[in-house]
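For reference, the structure discussed in these notes is given below.
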Amino acid sequence: MKFSYRRNPGMEKINKVIPKSIHSFGKKIERAYQERFVLFHWGKIVGDTVAAHVWPLAIEGDKLVLYASAPAWRNEIMLMQIMILSRVNNFAGYEMVKELIFSWEKSEAYHRGAQEDEKNFEEKEQEEYKDILKKMILTPNEQEECRREISAVTNKRLRMKLLHILEVKKKSEKARQTLGESPCPHCGRLVRRDHVCLSCACEEKKEKRRLIRRCLFDIPWARYTEIKEYIPCTPAMVAAERSRLAQDLARRVEFGDWSSLDAKTLVMLYRALRPEQLTEEILRRTLYDLRREMAESAVFRPFPKRSEVFSKVVTDDKKRREGFHVSSSR
């Protein structure tokens, strides 16, 4: 007995039809579609926090081109490179990219939509605020409170103007509270879609940076995942304080100094290595690489050739007599 089947039983979902249709156009078009699909879902892949500061520009061969809003974010992304590549390739379904590179040219192609949405939201919120403010009426107790605040003013004309200002301020506060704003827990100022006001947030951020710097000074090999368990912070804050502390230590480390506490702390901070992982070879190579990066700036003196550093072992006294210093000017 033969059974007959319909060729297309029922209706297929659009997310299955589109990939099949694009696959029929050839590998080149299918590859372009997959790249655009990954770039469009960048926020879903890496999270909203990273996507707000680092966004993709293009995929060139097996390299994902990114742009970061600050150097600290570039450093943090390079430390997370293996994890991000794994997430991107898992999202794509195959090994699409093998390396992350950064571009200095800013592109708004992937932020334009988010900026327009934010602008439309602010305009809509402003219109809603104006409508609420027009309809806002003060209660008799609130009016009496405003009169008590200006009771010491003897000039009638000035008193009427101050009363008008206080009533407008009171109405504005009630309208903002109606829109969801709440008082800052530190100073009591109404804040918009935040938990603290800008000045209090700056003070909190400054205190967090101080705690991060102290933590890195005590435990120089600590990474962001370990620090955030004790101090609520972002990867950019940790990277920035690590860079500042490394620069301060580098100014005190002379060329050829492989054994001092400052030199070892600098290597542990720069490479995130524990004390038991340090060797003389790691110390020499790390300090050389760090000096090479700093020498690109006009502030630092040219460094010796690599062969002069690694081909022979020179005593610390002879190295110090050469006069090379990390922070020496030209």
Side-chain angles (χ1 to χ4, degrees), residues 28-122 193-194 198 201-202 205 208-209 212 216 223-225 227-228 232-247 269-272 289-290 292-299:
K28 186 176 181 180
I29 295 179
E30 184 179 18
R31 166 77 181 188
Y33 165 77
Q34 291 170 341
E35 291 177 356
R36 292 294 176 182
F37 186 78
V38 168
L39 296 178
F40 182 79
H41 292 88
W42 173 251
K44 187 183 296 184
I45 296 171
V46 299
D48 296 335
T49 303
V50 176
H53 300 276
V54 180
W55 58 91
L57 303 181
I59 296 178
E60 299 178 354
D62 57 356
K63 297 179 181 179
L64 176 59
V65 184
L66 303 174
Y67 177 85
S69 59
W73 278 103
R74 286 198 296 271
N75 297 336
E76 192 63 31
I77 291 298
M78 294 310 296
L79 293 175
M80 301 165 57
Q81 182 173 192
I82 297 176
M83 181 186 70
I84 292 177
L85 289 175
S86 176
R87 289 186 179 181
V88 170
N89 293 329
N90 289 338
F91 191 86
Y94 69 100
E95 192 177 17
M96 176 181 287
V97 292
K98 299 180 180 179
E99 184 182 355
L100 301 179
I101 60 175
F102 284 89
S103 173
W104 293 99
E105 297 181 0
K106 185 177 181 180
S107 174
E108 298 182 356
Y110 300 99
H111 262 222
R112 192 177 298 118
Q115 291 173 356
E116 291 177 356
D117 292 342
E118 182 70 18
K119 183 178 179 181
N120 294 336
F121 177 80
E122 291 179 355
R193 290 181 293 167
D194 293 318
L198 183 61
C202 291
K205 193 173 183 180
K208 286 181 182 179
R209 291 185 181 278
I212 293 170
L216 288 174
R223 294 181 178 270
Y224 167 70
T225 53
I227 295 174
K228 72 175 183 178
C233 58
T234 62
M237 294 171 65
V238 176
E241 292 307 312
R242 188 188 299 275
S243 176
R244 291 191 184 98
L245 186 57
Q247 291 176 8
L269 184 70
Y270 187 69
R271 297 295 187 193
D289 292 341
L290 181 61
R292 181 179 59 185
E293 292 181 7
M294 291 183 171
E296 294 177 359
S297 173
V299 178

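The nearest pair of heavy atoms linking Met96 to Arg31 is O-NH2, 3.5 Å. In terms of heavy-atom proximity, Ala246 sits nearest to Leu269 at N-CD2, 3.5 Å. Taking each heavy atom of Ala51 and Val46 in turn, the nearest pair found is N-CG2, 4.0 Å. In terms of heavy-atom proximity, Arg223 sits nearest to Arg271 at NH2-O, 4.2 Å.
A donor-acceptor pair is defined here as one N or O able to donate and one able to accept, closer than 3.5 Å; no such pair exists between the side chain of Asp62 and the backbone of Val97. The main-chain N or O of Phe102 is never found under 3.5 Å from a side-chain atom of Arg74 such that the two would form a donor-acceptor pair. Judged by distance alone, with hydrogens and angles left aside, the side-chain atoms of Gln81 form a donor-acceptor pair with the main-chain N or O of Leu100 at under 3.5 Å. A donor-acceptor pair under 3.5 Å is formed between the side chain of Lys208 and the backbone N or O of Pro232.
For the pair Lys44 and Phe91, the minimum side-chain heavy-atom distance is below 4.5 Å. Looking at heavy atoms from C-beta onward, Ser86 lies out of side-chain contact with Ile82 at the 4.5 angstrom threshold. Two residues are said to be in side-chain contact when any heavy atoms from C-beta on lie closer than 4.5 Å; Leu216 and Ile227 meet this criterion. A heavy-atom distance below 4.5 Å is not found between the side chains of Glu241 and Met237. A heavy-atom distance below 4.5 Å is not found between the side chains of Met80 and Tyr224. Val238 has its side chain within reach of Cys233: a pair of non-hydrogen atoms, C-beta onward, lies under 4.5 Å apart. Using a 4.5 Å heavy-atom threshold, the side chains of Ile59 and Val65 count as separate.
Using a cut-off of 4.0 Å between Lys/Arg side-chain N and Asp/Glu carboxylate O, Lys63 and Glu60 are scored as not salt-bridged.
A side-chain contact (heavy atoms from CB on, under 4.5 Å) with Leu64 is found for one member of Leu39, Leu85, Ile101 and no other, namely Leu39.
The CG atom of Asn90 lies 10.5 Å from the CD atom of Glu95; values are rounded to the nearest 0.5 Å. Atom CH2 of Trp42 and atom CZ of Phe37 lie 15.0 Å apart (nearest 0.5 Å). A distance of 11.5 Å separates CD1 of Ile45 from CZ of Phe40, quoted to the nearest 0.5 Å. The line from CG of Leu66 to NE2 of His53 is 14.5 Å long, rounded to the nearest 0.5 Å.
Using cut-offs of 30° and 60° on the angle between ring planes, the pair Trp55 and Tyr67 is tilted.
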